[in-house]
Amino acid sequence: MAEHIANPPPGRAAALAVRCRDVVESEWFGVTVFALVLANAAVLGVETYDGITARWHGSLKLVEHCFLAVFTAEVVLRACAHADRPRDFLRDPWNLFDLAVVTLAYLPFARENATVLRLLRLARVVRAARFLPQLRIIIVAVGKSLPGTLSFLLVGTMLLYVYAMTGWVFFADADPEHYGSIGRAALSLFLLITLDGIGDAVHGGLQISRWSLLYYASYVLIGSFVLVNLLIGVVISSLEEARQLEHEREREEPRRTADGDGEAPCDLRERIATARRALDELEEGLALVGARGAGPEAVAAAAVPPPEPASSGARPTGSPAPT
């Protein structure tokens, strides 16, 4: 009876979550969905050929409906796997992405607009990253590097503007094709940041002024070396952070699964209750020792539970006789 109360039977939501979780976390399920995502990408590529589309239009449309039905069932299974903890389903960005891609395909504006529908079908190809851990880490790293990339773009734009204005001031009359306006100067310098054609630019600048060597050298040093390496550092830092998040997610997943099954919390509660009972018995023993003021022999005696009280007609052994 006590074991039955300590481990209550799981509810319907927990039972459904356990069954669906066994399916979703199985290896064959991931391989099957990944193969379907690749097949969907292949069908999208086939539809770019007008001859095949005109001949097999009905069959390709039926295949598309089958893909949509299968992906819908996959999302429903993943949602049911979190029936006992629905918030965890919404906390996963990949679940939200899958849910958005599948749900938008059913909306009227998407089904009536061929361009939007093709873009949504193309977004399913990105779902292949869900089943490739390394690719998933890279995508997460790119997303986390966006704030640093925006700062890099701001600094790069300011540097490009300053050097473009300087080039327009010194080279506009001699080289109007490349520095005739701020737009042309910025475009020329933007192409030079990849070091493509830097030799011709330096050679042409030396024919105008010897100081142009300092202009191009400082621009290449700051723009091509410092800023590009800064961007690489931002991406690498984001990649390390994304890798750590992936490792933490892998470590937390078994613990969440155990918590969802309801076995780990019950075991923990039983251990806590046992520890509390042991502490209570120890406190009672120490209180008895302090009250009697006895020596070490009383400590051993206090650890032994007191005997049950005798019946009303019996007299304890060693007690004085009634007067």
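The structure presented is a predicted model; accordingly, all values stated were derived computationally and were not measured.
Scanning both residues, V70 and L36, for their nearest heavy atoms gives CG1-CD1, 3.2 Å.
Annotation: the span from S212 atom OG to H203 atom NE2 amounts to 11.0 Å, rounded to 0.5 Å. Taking NZ of K61 as the reference point, atom NE2 of H65 lies at 5.0 Å (rounded to 0.5 Å). In this structure, L192 CG and L160 CG are separated by 10.0 Å, a value rounded to the nearest 0.5 Å. To the nearest 0.5 Å, atom CG of residue L231 and atom CG of residue L153 are 8.0 Å apart. In this structure, OG in S145 is found 12.5 Å from CD1 in I232, a value given to the nearest 0.5 Å. Note: L99 CG to T72 OG1 = 10.0 Å, rounded to the nearest 0.5 Å.
In terms of modelled atom types and a separation under 3.5 Å, the side chain of S224 and the main chain of I193 share a donor-acceptor contact. Checked by atom type and distance alone, the side chain of T48 pairs as donor or acceptor with a backbone atom of G45 at under 3.5 Å. Using a distance-only test at 3.5 Å, with no hydrogens or angles considered, a donor-acceptor pair links the side chain of N229 to the main chain of F225. When atom types are taken as modelled, the side chain of S59 and the backbone of W56 share no donor-acceptor pair closer than 3.5 angstrom.
With respect to E25 and R78, no salt bridge is recorded, no charged nitrogen being found less than 4.0 Å from a carboxylate O. A salt bridge does not link R124 to E74: none of the charged nitrogens lies less than 4.0 Å from a carboxylate oxygen. In this structure, R85 pairs ionically with D88, as a charged nitrogen and a carboxylate oxygen lie closer than 4.0 Å. Between R184 and E177 there is no salt bridge, since no side-chain N of the basic residue sits under 4.0 Å from a carboxylate O of the acidic one.
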Give every donor-acceptor pair under 3.5 Å between a side-chain atom in residues 163-170 and any protein atom, sequence neighbours left out.
unit_1	atom_1	unit_2	atom_2	d
Y163	OH	S218	OG	2.9
T166	OG1	V162	O	2.8
W168	NE1	G180	O	3.4

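Side-chain contact, D175 with H178: a donor N or O sits under 3.5 Å from an acceptor N or O.
Heavy-atom contacts from other residues, nucleotides or ligands closer than 6.0 Å to CG of D22 number more than 12.
F97 and W94 have perpendicular rings, their planes meeting at more than 60° on a 0 to 90° scale where under 30° would count as parallel.
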